[in-house]
Amino acid sequence: MAASTIASKASSTLGRTIKTVTVIGGGLMGSGIAQVAAETNHKVILVDQKQEFLDKSLNIIQTSLKRVIKKKFDKDQQAGEKYLADVKGRIQTTTNINEAVKATDVVIEAIVENLEVKQKLFQQIDQVAPKHTILTSNTSSLPITEIARDVKRQDKFGGLHFFNPVPVMKLLEVIRTSSTSDETFQTLLTFGKALGKATVSCKDTPGFIVNRLLVPYLLEAVRMIERGDATAEDIDTAMKLGAGYPMGPIELLDYVGLDTSKYIVDGWKKRYPDDPSFKTSELLDRIVGEGKFGKKTGAGFYNYSK
């Protein structure tokens, strides 16, 4: 057999086909991931602590799907109703984590950004899930290696970092640790493409690609305000009109959540105290301390109250 044929066969068999997806955490990220997986013909099991949380998740998914249907099936109501029923039919919900993972191909964790909570969760899942099950975290800032610390299947652990809103944002960062096997990594890349996402790969570095570049940029914009270099309005206008960005850095901070950005940079600063990219901001600390988190609280750097 020719070497090229052998290589081709090896490549085609590397990685498994993911059919069943367990999403743990039914917030905006988790419900979005569940929706996208169900829309791409995957069986989905969505998990949260209480049924009332899951009911809210299903309402979020239904509202989002209706927007999709309005665009896709504007002139065919019957097809739209069938699409909605089919997608919803592929989503199951449960509050029982052990039941949710006992026959799944991949677990995607999308819970609170708390390292100890995530470690405890994965330690539990690792003991129950089938040997072939791949475990992943949707964390945006915590090290995948540390999240997987207590997991035995280190070769079957990686990161899948989706972006909000998941049904709209096309990018998926696929993260591999030094222990992630080639088979696991290839399976995750293939799965990402099956979800209709554009995948990029990255090592387990702080913030991966997007946040590693984005967060220091946002913080430097805040420091410009601190130093009196320019106003928030002028910084945003400059980056929109001068750099072609759809949103200025201060606007984006308010949109993302000032508390979220502070949490990310504080975590990086603690782990990498000598890296100047992760320097914290007194102004950001003060605004967050006042309970102003941005758009979601009605005030941040800008005032959103009517």
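Here, residue 1 is the first one in the sequence, and each next residue gets the next number.
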**Asked** Under 4.0 Å between a Lys/Arg side-chain N and an Asp/Glu carboxylate O for K82 and D86?
**Response** yes

**Request:** Check for a donor-acceptor pair, side chain of S261 on one end and backbone N or O of L258 on the other, with a separation under 3.5 Å.
**Result:** no

**Side chains of W268 and N211 in contact at under 4.5 Å (non-hydrogen atoms)** = yes

**Asked** For the residue pair F191 and H42, does the interplanar ring angle fall in the parallel (under 30°), tilted (30 to 60°) or perpendicular (over 60°) class?
**Response** perpendicular

**Message:** Between E220 and R227, does any side-chain N to carboxylate O distance fall below 4.0 Å?
**Reply:** yes

**Request:** Check whether any side-chain heavy atom of K120 sits under 4.5 Å from a side-chain heavy atom of I125, and report yes or no.
**Result:** no

**Asked** Are S140 and E113 close enough that some pair of their side-chain heavy atoms sits under 4.5 Å apart?
**Response** yes

**Asked** Under a 4.5 Å cut-off applied to non-hydrogen side-chain atoms, are L219 and K279 in contact?
**Response** no

**Message:** Less than 4.5 Å apart, side chain to side chain, heavy atoms only: is that true for E109 and L121?
**Reply:** yes

**Complete:** Tightest non-hydrogen contact, residues G248 and K240, listed as N-CG, 3.6 Å

**Prompt:** Any idea how F73 and Y83 line up, ring-wise: parallel (<30°), tilted (30 to 60°), or perpendicular (>60°)?
**Reply:** tilted

**Request:** Give a yes or no on whether a salt bridge exists between K88 and E39, defined as a side-chain N under 4.0 angstrom from a carboxylate O.
**Result:** no

**Asked** Between Y245 and Y217, is a ring-ring contact (aromatic ring centres under 6.0 Å, His included) present by the stated rule, with each step listed?
**Response** CA-CA 13 Å; Y245 288 9; Y217 154 71; 5.8 Å; yes

**Item:** Closest approach of I134 to T136 (non-hydrogen atoms, all atoms of both residues)
**Value:** CG2-CG2, 3.9 Å

**Asked** Can you check whether F208 reaches I144 side chain to side chain, under 4.5 Å on heavy atoms?
**Response** yes

**Message:** Under a 4.0 Å threshold between the charged nitrogen and the carboxylate oxygen, would K262 count as salt-bridged to D285?
**Reply:** yes

**Message:** Below 30° counts as parallel, above 60° as perpendicular, anything between as tilted: where do the rings of H161 and F163 land?
**Reply:** tilted

**Complete:** Exactly one of K170, E173, K193 clears side-chain contact (heavy atoms from CB on, under 4.5 Å) with T199, and that residue is K193

**Request:** For D126 and V151, indicate whether the former's side chain and the latter's backbone hold a donor-acceptor pair under 3.5 Å.
**Result:** no

**Message:** With a 4.0 Å cut-off on N to O distance, would you call K269 and D275 a salt bridge?
**Reply:** no

**Message:** Between Q51 and T95, is the side chain to side chain donor-acceptor pair (under 3.5 Å) condition met? List the steps.
**Reply:** CA-CA 7 Å; Q51 186 58 47; T95 57; 5.8 Å; no

**Item:** From CA spacing to verdict: salt bridge (Lys or Arg N to Asp or Glu O under 4.0 Å), R223, E226
**Value:** CA-CA 5 Å; R223 291 188 202 103; E226 281 181 326; 5.2 Å; no

**Asked** Hey, is the main chain of L115 close enough, under 3.5 Å, to the side chain of E146 for a donor-acceptor pair?
**Response** no

**Prompt:** Shortest non-hydrogen contact from K118 to I147?
**Reply:** CD-CD1, 3.8 Å

**Check: A79 main-chain N/O paired with D76 side-chain donor or acceptor under 3.5 Å** = yes

**Prompt:** Under the 3.5 angstrom rule, does the side chain of T180 hit a backbone N or O of F185 as a donor-acceptor pair?
**Reply:** no

**Prompt:** Closest approach of A34 and I91, non-hydrogen atoms and distance?
**Reply:** O-CD1, 4.3 Å

**Prompt:** Taking it one step at a time, do R212 and T205 satisfy side chain to side chain donor-acceptor pair (under 3.5 Å)?
**Reply:** CA-CA 8 Å; R212 180 61 180 269; T205 188; 2.9 Å; yes

